[in-house]
Structure formats: C-alpha cells, structure tokens
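Structure first, commentary second.
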Amino acid sequence: MPGVGQSGPVTDQRSVAIWRDGVAVAVPAEEPVVTAADQGLVRGDGAFESVAVIDGATPHLADHLARLVRSAALLEIPHPGDGVWRALVDAVLAEWPTGTEGVVRLLLTRGPGGGAPPTALALLAPVPAETLRQRSTGVSVVSLSLGVPADFRSRAPWLLGGAKTLSYAVNMAAYRHAARLGADDVVLTSLEGQLLEGPTSTVAWAADGTLHTPPLDTGILAGTTVARLFERADAAGWPTARTAGTVDDLHAADAVWLLSGVRGAAPVHTLDGVRRGDAGLTVRVRELLAG
Ligand SMILES: Cc1ncc(COP(=O)(O)O)c(C=O)c1O
C-alpha cells in the first residue's frame, strides 16, 4: 500500500485513500487526488466528518456516518453509501500505528461536475499536539457573534443549518480572531446573544444539577459527542436539557466545556477574559465519555 504508514516522525504521518472506480484506493499522501475543477475545492461545496481514531479503531464511526448522510441530503449531493466510507476508513487505517491517536477526515464533494460522480476520500492524520494540550489543560474562550437570529436558520434552508459543510473559512477566521484576542477558542452567539456552538465544537455547561447544551433549531450542528455524553449522563441520573442560554449563563455555570469527537471535553478555564472553574465536574464528564 504505497504511501500508507511510511516511516518517519509520527507527526508528519498522513494516510490518504480515495474512492475510484468502485474501490478504495490508498494513495501516497503527497499525491494530488482531486482535479482543480472539483467543486469542493472551487466552492467549498461538500460535506465532511472528523472521526476520532483511538487504539487503531473508530468506535464512533456509525454516528459520524449518520450525520454525513444528513449533510449530503441537505446539500443535495448523492451519498455514496456507508460501505464506501467504511472501505476508505479501513484503507487509511491499514498501517496506522495503534498507539497514535488520529483523526480521519471523510470528505464528500460535489465533484468536478459534467456528470462525474461526487468525490469521496479519507485523510488520516495524528491529533494535533495543541488539541491534546487543550483537552488536558482546558481552553480560554471568547464569545463572538455570528450575526444571525437564533431562530433564522431553521427557516432558511439555503443557510444549511445542521449540515457539516466543507465551507469552514468563517469558522477558521473566528479562530484567528480569537488568537488575536489572546484566546484559544470561540463560543459563537446569535444576533440576540443566544449561545450557538464553537467553530468546531459543541458548547455544554453544568448548572442547577443539570447538563445543558443549546437547542438544535438554532441551526447548530448535532454533535455526536454531546449526544453520547447526554445519553450516558441521563442513564447515570445526571439530568440533561437543551437550553437557550446566553454568555451570562456560562459565566454563572458550575462548569463549561467545548465538546467534540477529537478533543473530547475541553474545560473552559477563561471566558471573555474572566477566569472560571469546573467544580470538579470535568472528571465525571470524561468518565462518561470514556469507552
Ligand atoms: C461546528 C461544529 N459543531 C459541533 C461539533 C462537534 O461535533 P462532534 O461531537 O460530532 O465531533 C463540530 C465538530 O465536528 C463542529 O465542527
């Protein structure tokens, strides 16, 4: 399998596989795999998933594949079927060292057009060191407005609320803005100041003995990690709720986390320049998410 699992520093390691002529083909990581006309490249017209690789496996793949089906439907891109993604994941994992935590990006684009099929490919890379650091030591966060009313995206299908699209330029710009303000991450809010999500994470907070996260009708992404956490918390007797909160609610909360499949639960230790604690609850959240 050329290019997969070649020797060299783990941090430089990448594995790539593309769906071609009905099979998953592993290709050298530095080899071009899409044409310049691919609409994923030209317009960011596509969907993706970031799937955690733990101990050489993808335990939460099914949840991500379910969301990719929904994203493809919202974008009106033909979905190639879960078997394609499973074959691509197997191809990139084939020679991955079990001890290296990774992230597989599954990319589905509209393709180059002209009757060509959508592009489906997988890219596996190690989890960035900075993500690992934030997971253990927490994050400083600033709140930034997305400028959209909280109830708008649910009645504006052209805004693709709830779809995990490839168009993350705004999300990445929010990170750069946060960095200029001296922060690690962002909590996006609606025009009226209602909590939405992070650029690549779900916001959750603990208050009044309950775990809270914003409602999905705000157009945020349905996070697979928060779904898993809430299901397990409910089962363990820790109530959960979808709550229309504000940044003030986060300041008043016992703990605040940014959640995602790759980062797990990163406790927010600073919000808009104000230090805050986690009341010892992060340990409990991590226990629930483990396994
Ligand atoms: C915008 C956005 N919200 C939420 C999440 C968290 O989703 P998940 O828990 O499925 O990783 C992500 C990460 O993929 C994201 O990009």
Side-chain angles (χ1 to χ4, degrees), residues 44 46-54 58-72 74-75 85 89 101-108 122-123 125 127-128 130-132 134-135 139 141 143-148 150 153 159-175 177-178 184-190 194-205 211-233 240 242 245 256-268 285-286 288-291:
F48 79 107
E49 284 294 326
S50 297
V51 185
V53 174
I54 305 154
T58 50
H60 310 303
L61 180 60
D63 296 338
H64 289 279
L65 294 186
R67 189 168 62 195
L68 193 48
V69 168
R70 294 199 301 275
S71 295
L74 287 162
L75 284 157
W85 301 115
V89 168
E101 239 191 281
V103 49
V104 190
R105 293 214 163 72
L106 303 177
L107 278 71
L108 174 68
L123 164 65
V127 174
E130 177 59 13
T131 305
L132 297 174
Q134 293 182 4
R135 185 193 295 168
V139 282
V141 163
S143 58
L144 299 176
S145 177
L146 194 63
V148 179
R153 287 191 289 181
L159 292 184
L160 297 172
K164 193 165 168 66
T165 77
L166 281 174
S167 315
Y168 262 45
V170 166
N171 307 45
M172 297 301 110
Y175 276 131
H177 193 78
D184 301 311
D185 216 308
V186 177
V187 171
L188 295 166
T189 59
S190 72
Q194 200 174 307
L195 296 170
L196 296 176
E197 62 190 339
T200 64
S201 64
T202 304
V203 181
W205 67 102
L211 278 173
H212 302 264
T213 198
L216 291 175
D217 61 10
T218 53
I220 61 173
L221 202 65
T224 60
T225 313
V226 74
R228 198 163 63 252
L229 173 64
F230 276 27
E231 193 185 312
R232 293 174 182 183
T240 65
R242 293 249 170 216
V256 181
W257 300 275
L258 297 185
L259 307 173
S260 74
V262 174
R263 96 179 26 76
V268 174
V285 163
R286 288 191 178 137
L288 287 169
L289 280 176

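Just so it is clear, the values below take in all heavy atoms, side chains as well, and ignore hydrogens, waters and symmetry mates. Each ligand, and each atom within it, is numbered from 1 in the order the structure gives. Owing to the predicted nature of the structure, the values given are computational and were not obtained by experimental measurement.
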Problem set entry | Part of Arg67 within contact of ligand 1 (heavy atoms, under 4.0 Å) | side chain
Seminar exercise, completed: To atom 4 (C) of ligand 1, the nearest of Gly264, Gly223, Ser201 on a heavy-atom basis is Ser201
For this session: Provide, to 0.1 Å, the distance between atom 10 (O) of ligand 1 and the closest protein heavy atom, together with that atom's residue and name.
Result: Thr224 OG1, 2.6 Å
For this session: Between Ile220 and ligand 1, find which residue part has any heavy-atom pair under 4.0 Å and reply side chain, backbone, both or neither.
Result: neither
For this session: Examine the proximity of ligand 1 to Thr225 and report which part, side chain or backbone, both or neither, has a heavy atom under 4.0 Å away.
Result: both
Problem set entry | Nearest atoms (heavy-atom pairs only) where Tyr168 meets Phe48 | CE1-CE2, 3.6 Å
Problem set entry | Heavy atoms of other groups near Arg105 CZ, more than 12 under 6.0 Å | no
Problem set entry | Atom indices of ligand 1 within 4.0 angstrom of Glu197 heavy atoms, with elements | 1 (C), 2 (C), 3 (N), 4 (C)
Seminar exercise, completed: re atom 13 (C) of ligand 1, the protein heavy-atom contact at minimum distance is Thr200 O, 3.3 Å
Problem set entry | Protein heavy-atom partner closest to atom 16 (O) of ligand 1 - residue, atom, separation in Å | Tyr168 OH, 2.6 Å
Problem set entry | Spacing of CZ belonging to Arg135 relative to OG belonging to Ser260, to within rounding of 0.5 Å | 8.5 Å
Exercise. In the protein, which heavy atom is nearest to atom 14 (O) of ligand 1, and how far is it?
Worked result: Lys164 NZ, 2.7 Å
Exercise. For the residue pair Pro214 and Trp205, what are the closest heavy atoms and their distance?
Worked result: CD-CZ3, 3.8 Å
Exercise. Which atoms of ligand 1 are found less than 4.0 Å from any heavy atom of Leu259?
Worked result: 6 (C)
For this session: Please name the pair of heavy atoms, one in Ser143 and one in Thr189, separated by the smallest distance, quoted to 0.1 Å.
Result: CB-CG2, 4.4 Å
Seminar exercise, completed: So for Pro199 against ligand 1, with non-hydrogen atoms under 4.0 Å, the contacting part is backbone
Exercise. Side chains of Lys164 and Leu74: does their closest heavy-atom pair fall under 4.5 Å?
Worked result: no
Exercise. Going by heavy atoms, is His60 under 4.0 Å from ligand 1?
Worked result: no
Seminar exercise, completed: dist Arg67:CZ -> Leu221:CG (nearest 0.5 Å) comes out at 4.0 Å
Exercise. Any sub-3.5 Å donor-acceptor pair from Thr213's side-chain atoms to Arg242's backbone N or O?
Worked result: no
Problem set entry | Sub-4.0 Å atoms of ligand 1 with respect to non-hydrogen atoms of Gly261 | 8 (P), 9 (O), 11 (O)
Exercise. When you look at CD of Glu231, are more than 12 heavy atoms from neighbouring residues, nucleotides or ligands closer to it than 6.0 Å?
Worked result: no
Exercise. Below 4.0 Å from any atom of ligand 1, is there a heavy atom belonging to Ala222?
Worked result: no
Seminar exercise, completed: Per-atom filter on ligand 1: closer than 4.0 angstrom to a heavy atom of Gly198 are 1 (C)
Exercise. Which distance, rounded to the nearest 0.5 Å, do you find between the OG1 of Thr202 and the CG of Leu216?
Worked result: 9.0 Å
